[in-house]
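What follows is a short report on a single structure.
These numbers come from the heavy atoms of this one structure, side chains and all, not from hydrogens, waters or symmetry mates. Whatever order the structure lists ligands and atoms in, that order sets their numbers, starting from 1.
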Amino acid sequence: MPKIAVLGSGTGSNFQALLGEFGDEIALVVSDQPDAGILGKAEAAGISTVVEEGGHDLSARILKHLEGIDLICLAGFMRLVKDPLLSAFPNLILNIHPSLLPKYPGKAAWEQALADEAEMTGCTVHYVDAGVDTGEVIMQEEVAILSDDTSETLHARIQLAEHRIYPEAVRLVLGKIRGGA
Ligand code: GRF
C-alpha cells in the first residue's frame with residue numbers, strides 16, 4: 001500500500017478531508033509550526049507527527065523523516081519545498097491552492113480574486129515544482145464569487161471545494177503510481 005506524508009502549517013482541514021479517504025495510507029504528518037492544528041488532528045487519529053521549524057536546510061531535514069513514503073501532500077504548508085526534497089519525489093508532491101491557477105498564485109489568493117473584482121475563482125490541485133504554485137495542474141473546481149462575499153465567506157466556500165477535489169486528485173495520482181504510469 002502506498003504511504004502518504006502530509007505537510008501542513010495550519011488548521012489541517014484539508015488533512016482531515018484526506019484522512020477520510022486515505023486513513024490507511026497516511027503514515028506521517030510534518031509541520032513547521034509546533035502549535036499547528038494539523039498536529040492535534042493527526043495525533044487524535046493516531047498518526048505519527050514531526051515538527052521541523054524553518055531554516056535554510058528545512059527541506060533536507062524533512063526528507064530525513066520520509067523513508068518509505070511514496071507521495072507527499074502539501075495541505076496549507078507555508079514553506080517552499082526545495083531540493084533535496086523536491087528531486088527525491090519527482091512528480092510525487094501535490095499541493096492544494098485556493099485559486100484557479102495560473103491565476104492568483106501566492107498568498108491569500110481569494111483576497112487577490114476579490115481585489116480583482118473577479119466573478120469566478122476556485123481551487124487547484126497541482127504537482128509541486130521549484131516555482132511558487134507553477135506546477136502542472138491535476139484538478140480544479142470553480143467557485144463563483146457572490147456580490148456580498150467577504151474574504152471569510154469566499155475562503156470558506158473555496159475550502160469546501162478543496163475538500164472535494166483534493167481526495168479525488170490524490171486517488172487519481174495513487175492510481176497512476178499503482179499502475180506504474
Ligand atoms: C487552504 O486554503 C489551502 O488552499 C492553502 O492553505 C489552506 C490550508 O487550510 N494552501 P487547512 O490547513 O487545510 O485548513
Side-chain angles (χ1 to χ4, degrees), residues 4-23 25-26 28-45 47 49-54 58-59 62 71-82 85-86 93-116 118 120-146 149-171 173:
I4 300 173
V6 179
L7 276 52
S9 310
T11 58
S13 69
N14 278 286
F15 161 69
Q16 195 92 58
L18 292 173
L19 194 60
E21 186 158 344
F22 304 105
E25 285 88 352
I26 297 175
L28 180 68
V29 166
V30 181
S31 183
D32 61 318
Q33 301 292 331
D35 52 0
I38 192 172
L39 292 170
K41 287 185 172 74
E43 282 154 19
I47 292 171
T49 61
V50 163
V51 175
E52 285 290 358
E53 296 188 56
L58 179 64
S59 288
I62 289 176
L71 182 69
I72 298 172
C73 294
L74 307 186
F77 189 60
M78 301 305 285
R79 305 267 179 185
L80 278 180
V81 173
K82 299 176 183 166
L85 180 53
L86 200 53
I93 308 178
L94 312 187
N95 184 40
I96 179 85
H97 181 79
S99 76
L100 298 174
L101 290 171
K103 291 208 94 165
Y104 314 129
K107 287 187 180 164
W110 61 95
E111 286 180 3
Q112 296 183 48
L114 281 175
D116 202 23
M120 193 67 81
T121 186
C123 54
T124 302
V125 180
H126 63 96
Y127 289 109
V128 172
D129 64 12
V132 177
D133 304 321
T134 50
E136 185 191 338
V137 170
I138 300 168
M139 198 170 284
Q140 296 185 306
E141 183 172 325
E142 291 183 344
V143 175
I145 300 179
L146 309 178
D149 258 332
T150 62
S151 173
E152 289 72 29
T153 58
L154 179 57
H155 188 210
R157 243 174 22 265
I158 292 173
Q159 284 214 304
L160 292 179
E162 291 179 354
H163 303 161
R164 282 190 290 271
I165 66 166
Y166 210 176
E168 206 180 321
V170 169
R171 202 181 316 135
V173 171

Open item on the list: Does the plane of the ring in Trp110 sit parallel, tilted or perpendicular to the ring in His155? Use 30° and 60° as the thresholds.
Closed with: parallel
Is any side-chain heavy atom of [X] closer than 4.5 Å to a side-chain heavy atom of [Y]?
X	Y	answer
Ile47	Leu19	yes
Lys103	Asp116	yes
Tyr127	Ile93	no
Leu146	Asp149	yes

Open item on the list: Looking only at the side chains, is there a donor atom on one of Gln33 and Ser9 sitting less than 3.5 Å from an acceptor on the other?
Closed with: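 On atom types as modelled, these side chains do not qualify, holding no pair under 3.5 Å.
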- [ ] Select all protein residues for which some heavy-atom-to-ligand 1 distance is less than 4.0 Å, and list them by chain and number.
- [x]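 Protein residues near ligand 1 are Gly10, Thr11, Gly12, Ser13, Asn14, Gly76, Ile96, His97, Pro98, His155, Gln159, Glu162.
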